2 protein chains.
Amino acid sequence: MRLTTKGRYAVTAMLDLALNADNGPISLAGISKRQEISLSYLEQLFSKLRQNELVSSVRGPGGGYRLSRAADEIFVAEIVDAVNESIDATSCGGEGSCHKGDICLTHHLWCDLSKQIHEFLSGISLASLVARKDIQAVSERLNSEQTEAPLAGQQQERISASSLA
Amino acid sequence: MRLTTKGRYAVTAMLDLALNADNGPISLAGISKRQEISLSYLEQLFSKLRQNELVSSVRGPGGGYRLSRAADEIFVAEIVDAVNESIDATSCGGEGSCHKGDICLTHHLWCDLSKQIHEFLSGISLASLVARKDIQAVSERLNSEQTEAPLAGQQQERISASSLA
DNA sequence: ATATACCTGAGTCATTTACTTGGTTATATA
DNA sequence: TATATAACCAAGTAAATGACTCAGGTATAT
């Protein structure tokens with residue numbers, strides 16, 4: 001079982017989509033800047049998210065991605081599953097073939113754990129995250145980091161008009 | 001966060017110790033045969049388990065390892081922690097420095113998940129696993145695989161007298 | 001026509017896993 | 001006291017994975 005940056009990025013990006021859903025299609029470039037995720041890496045992740053019908057895309061200028069369902073019908077477990085194979089703590093993929101074709105000593109324990117985690121993440125929708133005050137606060141911080149002129153740092157990048165509210 | 005073979009092996013080996021606690025110190029060679037885990041790999045894992053004071057060792061012939069506490073005072077979470085750094089779903093180690101020194105959009109979510117998993121595994125003692133009928137059944141199967149003469153296969157390995165009940 | 005932004009595949013570098021190899025040291029027993 | 005047992009220890013290694021970059025393509029609004 002693994003839950004690494006890959007799954008975290010995917011959920012973060014999907015949550016960014018949900019938070020900015022009013023502004024039409026959201027470009028990966030925008031997500032990349034707000035969330036500090038490599039654009040190319042995002043493209044790879046969104047390829048999988050699109051295959052799993054969690055997002056739909058609009059090509060061309062002004063294009064980007066949209067959630068393919070309402071935010072209260074998309075759950076964190078689905079997102080992690082889409083990019084990360086599965087949230088499974090067993091070595092046998094739940095098949096019970098972990099010790100010479102039969103189950104190993106700890107098979108039941110890892111099954112229970114997998115179930116526990118999956119139920120937890122299946123109960124959390126993007127909408128429920130969007131509704132949280134603490135998450136709204138973080139979102140506002142990230143958006144203002146984006147729109148405010150950077151004071152220090154290297155060459156200032158051009159900010160596209162469409163990315164401004 | 002990761003839960004891989006390493007953590008599973010550690011818990012399996014500790015459970016083997018708990019199940020066979022009556023037979024004096026348990027050798028890693030015995031665990032290796034019963035659970036099909038590489039002996040050298042077990043040695044590495046037990047080095048960490050010993051550092052974390054979960055087991056104590058007896059050297060020399062007839063030696064092996066013992067649980068350093070009663071089985072109802074050792075919890076799965078401790079074992080995984082001992083070999084696996086930690087069961088933490090955040091990227092910042094819970095410190096809240098995941099986005100430019102501040103928290104990232106999904107920080108709270110991964111904190112909640114980490115807490116969930118940790119509470120679950122902290123509630124499961126080795127004693128509670130030993131008490132489970134399904135686990136007892138697996139244990140008996142593994143012990144009889146061990147003591148019965150293998151019918152097919154390669155060269156039969158010598159079974160040391162001390163490893164028999 | 002051009003710029004935007006999605007889409008794709010290949011390659012890379014570092015890290016981790018799950019081992020193996022080759023020893024040393026302590027101790028019970030013959 | 002020699003020997004076998006079994007804990008200890010350090011180093012190396014092959015394969016997999018993660019988190020990217022690079023270098024192109026293709027669709028479309030302006």
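Here the structure is a predicted model, which is why all the values come from computation and not from measurement. Every chain is numbered from 1 and lettered A, B, ... according to where its sequence line falls, protein lines coming before strand lines.
A donor and an acceptor atom, one from each side chain of B:D88 and B:S114, are located under 3.5 Å apart. Of the N and O atoms on the side chains of A:Q51 and A:S47, at least one donor lies less than 3.5 Å from an acceptor on the other residue. Remark: the B:Q44 side chain and the B:S40 side chain contain no N/O donor-acceptor pair separated by less than 3.5 Å.
Separating the CD atom of A:E36 from the P atom of D:dA19 is a distance of 16 Å, rounded to the nearest angstrom. The distance from atom CG of B:L42 to atom P of D:dA6 is 14 Å, rounded to the nearest whole Å. Whole-Å rounding puts the B:Q35 CD to C:dA18 P distance at 16 Å. Across the protein-nucleic acid pair, B:R50 atom CZ and C:dT25 atom P stand 15 Å apart, rounded to whole Å. Atom OH of A:Y65 is separated from atom P of D:dT28 by 14 Å (rounded to the nearest Å). Rounded to an integer number of Å, the gap from CD1 of B:I37 to P of C:dT17 is 16 Å. Distance, A:L45 CG to C:dC6 C1': 15 Å, rounded to whole Å. In this structure, the OH atom of A:Y41 is 17 Å from the P atom of C:dG9, given to the nearest Å.
One finds a side-chain N or O of B:T5 lying less than 4.0 angstrom from the OP1 or OP2 phosphate oxygen of C:dA18. Close to D:dA19, at under 4.0 Å from its OP1 or OP2, lies a side-chain N or O of A:T4. Dashed line: the shortest gap from a side-chain N or O of A:Y9 to OP1 or OP2 of D:dG18 is not under 4.0 Å. At C:dC6, none of the side-chain N or O atoms of A:R66 fall inside 4.0 Å of OP1 or OP2 (strictly under the cut-off). Close to D:dT21, at under 4.0 Å from its OP1 or OP2, lies a side-chain N or O of A:S38. Between C:dC7 and A:S57, a contact under 4.0 Å exists linking OP1 or OP2 to a side-chain N or O.
Within 4.0 Å of A:F46, counting heavy atoms only, lies no atom of the nucleic acid at all.
Where A:Q51 and A:G63 meet DNA chain C, the nucleotide closest to each residue was compared, and A:G63 sits on the side nearer the 5' end. Taking for each of A:G60 and A:E43 the nucleotide of DNA chain D with the nearest heavy atom, the 5'-most of the two is the partner of A:E43. Nearest-nucleotide positions on DNA chain D place B:S47 closer to the 5' end than the other of A:R8 and B:S47.
Comparing D:dC8, C:dA5, D:dA19 by their closest approach to the side chain of A:K6 singles out D:dA19. When the nucleotides C:dA18, C:dA5, D:dA29 are ranked by their closest atom to the side chain of A:P61, D:dA29 comes out on top.
By the criterion of side-chain heavy atoms lying less than 4.5 angstrom apart, applied directly or through intervening Ile, Leu, Val, Met, Phe, Trp or Tyr residues, B:L105 is grouped together with A:I124 in one hydrophobic cluster. Residues A:F120 and B:I117 are members of one and the same hydrophobic cluster, defined by side-chain heavy-atom contacts under 4.5 angstrom among Ile, Leu, Val, Met, Phe, Trp and Tyr.
When all heavy atoms of B:A82 and B:L49 are compared, the closest pair comes out as CB-CD2, 4.0 Å.
For A:Q44 against D:dC20, a side-chain N or O and a base N or O form a donor-acceptor pair under 3.5 Å. Counting distance only, with no hydrogens placed and no angle test, the side-chain atoms of B:R59 and the base atoms of D:dA7 include a donor-acceptor pair under 3.5 Å.
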